[in-house]
Every structure is written in structure tokens, then in C-alpha cells.
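To keep things clear, I will list the structure first and then write my remarks on it.
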Amino acid sequence: MDRNKLYITTTLPYVNAEPHVGHALEFVQADTISRYFKQKLGNENVFFNVGTDEHGLKIYRKAKEEGLSINEFVDKYANRLKDFCKLFFVEYDNFYRTSDESHHKAAQEFWKRCNDKGDIYKKKYSGKYCVGCERFITEKELIDGKCPDHGTEPEEKEEENYFFKLSNYKEHLLNWLDTNPDVLKPSQKIDELKQIINDIEDISISRLRESLPWGIEVPNDPQQVFYVWFDALTNYVNVIGFGTDEKKLNEWWPGIQLFGPDNLRFQGVIWQGMLASVGLEHSQKLLEHGMVLGPDGTKMAKSKGNIISPFDQEEKFGAEIVRFYLLVGISTYADSAYKEDDLINMYNSRLANNFGNLLNRVIHLSKSKGVKINRYELVESDFKSKIDAFKDEIERLYEEYEIALAGEKINELADWGNKYITEREPWSKKLDIKESEVILNNLSYLLNTVIYYYTPIIPQSCKVAKKALLEEEKIILFNKI
RNA sequence: CGCGGGGUAGAGCAGUGGCAGCUCGUCAGGCUCAUAACCUGAAGGUCGUUGGUUCGAAUCCAACCCCCGCAACCA
């Protein structure tokens, strides 16, 4: 890390539906990275942004459907997401909303700069228009040449819109990837990203106000509004001072961006082209997490009845167990099936049997032996260097954003602790008190390390564990399920 | 048809040229400080199929088979 400030952001969920388990994955991953670095660099050196994308026709329609004003509607879903964050201990520093006035101004400023650069032009756009939907429908959306919602054949319609000259940046983006091959995780996806760039075309970035009533006005053209994602993407820099505070912006940008598999094109290509247009650096890191599949290993769908609800899971197991499973139990970057049996297994073996049980063994023994633990000056140097080797490895993994692998390494450390205590038998009557004292202090050092590194993943439990260890208070931290 | 990812022990995965590994589960033994936990050991795999390169292939090459994603509420 060459800077000591770190900016991390999720994508902004579109607020037309309930938060689902995929959001949970992205948010807790981002939260874990944020917590890790806050712990290491200090809170003031990490900025963690989440938020909601609130414009667009779908939202406009959905609000009408629910009989709410647009403002009531977006407030409702934004609050839902805030509650969701609270429920899963996602501790963001800012909750961004694209309906905020400040966002409108910043997005318009972004537009102006792209325009000044000569990257925006007006062009007649022709496409299939569904009268029922009052919008253009892409070829792919059509079913048998008909609108999927209305079952009617769309008509050919022409509309004049603004376009962004993404094609200007084709060579630039390819070059950027060649010189920064590590920017994307997982690395296997780099070819896919390059392929998308190769197929780059200029993209339409506005709509007529009459066909898209809920959007941001294009500068100097009240007839046109931003096409949703063009305004939404700008949030990543707006929130850290774009257009308002250059000094702040330079402090925090470039940042780390998390997103799902369907967003590679937006985050990895379009957004990067937009950044190039306004003369900003590219993102520091693009982290494309895997997709959470249903228990049967296929994509969740209502029709298949394999939907996992994060709210149900929370109610059933508690937020931290769900966090633990999402972060450590499934792969960080590959698609994975969500299986409750695996969740239960993972929790019981790693947290209850391994970590929790070791914590209890050590606290219990220190009490029964009448020995003070947490005196790190008593820790043997051989033992300490063994633990420090684990520390280095765990930090390396966290700093490569390999959350699941870091979690696995932490588990290994606790596992090694259980082997160590069995081998050294601090409970044995053959040992004198001094020897037991050293062994138990070694172990309290180990446990403290485990707690420290588990904290970004399961913050609440670790808080309790830390207190219990410090006050030598016997507890069942993780009840078996 | 195409594009991308993947097929390794019952389950989940690591392993990109040199005697097949990890976690969970199963079985046997041990320990007893602890949450029926913990420790030790064992069983279990023709590494998707076929062919090729090589002294040597899970690993490289070719063809093929199967699964998942790329369209939908959606990360």
C-alpha cells in the first residue's frame, strides 16, 4: 500500500426491490475490508461508502404501482437498505442517495467536464419502442418479437439522444489493463474484460424527459435527462469531493470497488472510460465477487423456489453466523451454492469447537490454576515468532482481499492452538505453576491474535470474546447449533 | 451456435510437469482442562472422457462429454 488512505465502495443497489442475499455478500465483504483497514490504519484513514441508485423508469413505475409518491417510494427502500446494513453490522461511513440534490449537481458537473473534453455528442437513436412501457426495448428483451410485459409488438421509433464517446478510450483502456493486470480480481476474468473493451461502442447516456420523467436534467438541455447509470456511476467520486473539493478527492481517489458479475461492463469499462474523460485515475482495485447460487447450485429464481432470503437467514441463525458463512464458508470470488448444512457445519467446527472451545479452555484453566493471563511479557519468543508468522500470512491475505482464505488461516491458527494446549497439558499436576502460567500466557497471546483478525468478519462476537479473555470470564461464546 | 468459468475422496475445495492434498463427514484409538468438545491414526480418488507431447501429465496440446453463468425481480 503506497498511500495510507483507503476508499472503498460497493455498487449502489437499484431501489426497486428488497435487498437479497447477493447484496448481503457484497456489503459484508466491503464491510470486512473496511473494518480490517480501519483496525490497521485508523478510522480516519478509511472511507467506506454504500448507497442507493434511485432514478429511472422502473422506479417511477414501481412507485405508482405501490401507490406512493416517488419520494416516499425511494425513501422506503433506502431505509430498508439502511436497516439491512444495521442488521448485518455493516458499518458504512456514508450512505449515498442519487436523489440527493448534491448528487444532481455533481453528476451535472461530471457531464459538463465530459462535454468540455468533447466526449459527448447528440445523435438520432432509433430502436424498438413499446408504447405500453413508454420506453425503448432492447432486442434481447423481446420475446418472439414482442414486449415481455405487454405482449405487443414494439414500433420503430426515432429519438435524439446524447452519446458518450466511449470508443475514444478503447486503446487507452486496453493499455491500462496491460500495464495494470492486477487491477481486477479474480484475475481469470481479465480476458473477459478485454473482450468487452474490444467490442466497445459509444453509448447512449440520455433520454427525452417526456419518456423518462424521473431523472437528472442534462446541463443546458431541459428536454433531456440522464440515462440512469450515467448519473449513478458518478457517485463513486462525487461522494469524496468531485466537483466540490479537489483536495479531498485527491486524498481518497482512486478507490476500491466491489461489484457483482453482472456489473463488470459498467465498473470495468464504462466507468473507467468516464474517469479517463474527466482526467481522473482509474479505480485502484476492481473486486468482482462471485454469485450466490441457490442450494441446488443454480441461480436463485422465484420460479425455481430456491431463493435464500437474508432476512430469514438472520432470523434463523443470527447476523454474525450468516456473515461468517458468506465471508469464509463460500468462495470470495467464485460462484457458490448457499447451503444451510454447510453454514451449520462451518459454524460448529470453526467457531464453536475450535475457536470458542479453545477460548473457554484457556480462561477456565487460568481461573482454576489461579494464574494471570494476558501478560504478553511472559510469552516465549519461539511461540511468539510462530504466531507472528501466522499474522504475516493473514495480513497478506487480507491485503490481497482474499477474505475467505484469510478466515481459513485464522482458523488454522486456532486449530494449532488446540494442538499446542493438548501437547503441553497446562492442566497437568506434574507441571509447576510457573510452567502452566507461561503456557497459558502463550495461549492468551494466540487467542488475542485470533480475536483481532476475526474482528472484521464477526465484530460483535469478537468484542465479547475480547472482554471475556481480558476479564477471564468463562463464557459459551458460540453455542453449537 | 457463441462467450466466460468449472468438472480432483460421500460433501465443499487446494494443487498448473516430478511419489495425489486440505476442511467437514465416516471408522478406530487416546485424553479429560473444555461447548459429547479436543488430540492421534485409518479407510475412502482409474484427478470428466479419449488421444497426443514428455523420461515423467491432475498440471501442457487437441477433440469430445457434462455442470454453472452470460435473458428475466436482481450482486
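Remember, predicted model here, so these are calculated numbers, not experimental data. So that the names make sense, note that chain A is the first sequence line, chain B the second, and so on, each numbered from 1.
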> What distance, rounded to whole Å, do you find between the two C1' atoms, one in G5(B) and one in C55(B)?
Replying inline: 34 Å
> So, K391(A) and T449(A): side-chain donor and acceptor under 3.5 Å apart, yes or no?
Replying inline: no
> Who is the Watson-Crick or G-U wobble partner of C64(B), with both distances under 3.5 Å?
Replying inline: G48(B)
>> Could you identify the nucleotide paired to C38(B), looking across every strand shown and requiring Watson-Crick or G-U wobble geometry with both distances under 3.5 Å?
In response: G30(B)
> With a 4.0 Å cut-off, would you call E66(A) and K76(A) a salt bridge?
Replying inline: yes
>> Go through it in stages, so that I can follow the logic: the residues are N235(A) and N49(A), the test is side chain to side chain contact (heavy atoms under 4.5 Å, CB included), and I'd like the CA-CA distance, side-chain angles, deciding distance and then a yes or no.
In response: CA-CA 10 Å; N235(A) 93 87; N49(A) 181 53; 3.3 Å; yes
List, with names and distances, any nitrogen or oxygen atoms from the protein found under 3.5 Å away from nitrogen or oxygen atoms belonging to nucleotides 37-40 of chain B.
| from | atom 1 | to | atom 2 | distance (Å) |
| --- | --- | --- | --- | --- |
| A37(B) | OP1 | K480(A) | NZ | 2.6 |
| A37(B) | O5' | K480(A) | NZ | 2.9 |
| A37(B) | O2' | N357(A) | OD1 | 3.4 |
| A37(B) | O2' | N357(A) | ND2 | 2.6 |
| C38(B) | O2' | R361(A) | NH1 | 3.0 |
| C38(B) | O2' | T422(A) | OG1 | 3.0 |
| C39(B) | OP1 | D415(A) | OD1 | 3.3 |

>> For Y401(A), does the six-membered ring have the charged nitrogen or CZ of K185(A) within the cation-pi criterion, i.e. under 6.0 angstrom from the centroid and within 45° of the normal?
In response: no
> For A43(B), which nucleotide in any strand shown is its Watson-Crick or wobble partner with both distances under 3.5 Å?
Replying inline: none
>> Could you tell me the Watson-Crick or G-U partner of C22(B), where both distances fall under 3.5 Å? Say none if there is no partner.
In response: G12(B)
> In terms of the angle between their ring planes, are F266(A) and W229(A) parallel, tilted or perpendicular, with boundaries placed at 30° and 60°?
Replying inline: tilted
>> Does atom CD (E201(A)) have a neighbourhood of more than 12 heavy atoms from anything else shown, all under 6.0 Å?
In response: no
>> Categorize Y14(A) for me: base, sugar-phosphate, or nothing, with a 4.0 angstrom heavy-atom threshold over every strand shown.
In response: sugar-phosphate
>> Mind checking if V292(A) touches a base, just sugar-phosphate, or nothing, with heavy atoms under 4.0 Å?
In response: base
N/O-N/O pairs, protein side and nucleotides 3-10 of chain B side, under 3.5 Å:
| from | atom 1 | to | atom 2 | distance (Å) |
| --- | --- | --- | --- | --- |
| G4(B) | O2' | E192(A) | OE1 | 3.2 |

>> Taking any heavy-atom pair under 4.0 Å as a contact, classify G297(A): base, sugar-phosphate, or nothing.
In response: sugar-phosphate
> How far does the P atom of G41(B) sit from the matching atom of U23(B), given to the nearest Å?
Replying inline: 11 Å
>> Taking any heavy-atom pair under 4.0 Å as a contact, classify A301(A): base, sugar-phosphate, or nothing.
In response: base
> Base, sugar-phosphate, or nothing: which does L25(A) touch, judged by heavy atoms less than 4.0 Å apart?
Replying inline: nothing
> Closest to the N345(A) side chain: G12(B), G69(B), G25(B)?
Replying inline: G25(B)
>> I'd like the P distance from U59(B) over to U46(B), given in whole Å.
In response: 16 Å
>> Measuring from the side chain of N360(A) (C-beta onward, heavy atoms only), which nucleotide among U35(B), G69(B), C33(B) has the closest atom?
In response: U35(B)
> In whole Å, what separates the C1' atom of C47(B) from that of C13(B)?
Replying inline: 13 Å
> Think H364(A) has a side-chain N or O under 4.0 angstrom from the OP1 or OP2 of C33(B)?
Replying inline: no
> What is the ring orientation for Y376(A) with Y445(A), classed by angle as parallel under 30°, tilted 30 to 60°, or perpendicular over 60°?
Replying inline: perpendicular
> So, the side chain of S283(A) versus the backbone of K285(A): is there a donor-acceptor pair under 3.5 Å, distance only?
Replying inline: no
>> Once you apply a heavy-atom cut-off of 4.0 Å, does H289(A) come out as touching a base, just sugar-phosphate, or nothing?
In response: base
>> Between K299(A) and A72(B), is there a contact of a side-chain N or O with OP1 or OP2 at under 4.0 Å?
In response: no
> Under 30°, 30 to 60°, or over 60°: which ring-plane class applies to Y96(A) and H103(A), parallel, tilted or perpendicular?
Replying inline: perpendicular
>> For the C1' atoms, the ones on A11(B) and on U26(B), what distance do you get once it is rounded to whole angstrom?
In response: 12 Å
>> Between G44(B) and C24(B), how far apart are the two C1' atoms, rounded to whole Å?
In response: 14 Å
> Are Y453(A) and E395(A) close enough that a side-chain donor and a side-chain acceptor fall under 3.5 Å?
Replying inline: yes
>> I need the CG-C1' distance between D199(A) and C70(B), as an integer number of Å.
In response: 14 Å
> With both distances under 3.5 Å as the test, what is the Watson-Crick or G-U wobble partner of U59(B)?
Replying inline: none
> Using atom C1' of each nucleotide, how far apart are U53(B) and C60(B) to the nearest Å?
Replying inline: 8 Å
>> Categorize P13(A) for me: base, sugar-phosphate, or nothing, with a 4.0 angstrom heavy-atom threshold over every strand shown.
In response: sugar-phosphate
> Which part of the nucleic acid, if any, lies within contact of M346(A), taking any heavy atom under 4.0 Å across all strands shown: a base, the sugar-phosphate backbone alone, or nothing?
Replying inline: nothing
> What is the base-pairing partner of G69(B), counting Watson-Crick and G-U wobble geometry with both distances under 3.5 Å?
Replying inline: C3(B)
> Rounding to the closest angstrom, what is the interatomic distance between U50(B) and A42(B) at atom P?
Replying inline: 31 Å
> Given that N411(A) and L477(A) both sit by RNA chain B, which one's nearest nucleotide is further toward the 5' end?
Replying inline: N411(A)
> Where the side chain of K339(A) is defined as all heavy atoms beyond and including C-beta, which of U32(B), G12(B), C73(B) is the nearest nucleotide?
Replying inline: G12(B)
>> Expressed as a whole number of angstroms, how long is the span from N306(A):CG to C73(B):C1'?
In response: 14 Å
>> Parallel, tilted or perpendicular: which one describes the rings of F478(A) and Y347(A), with boundaries at 30° and 60°?
In response: perpendicular
>> Is the ring pair F324(A)/Y454(A) parallel, tilted or perpendicular, if the boundaries are 30 and 60 degrees?
In response: perpendicular
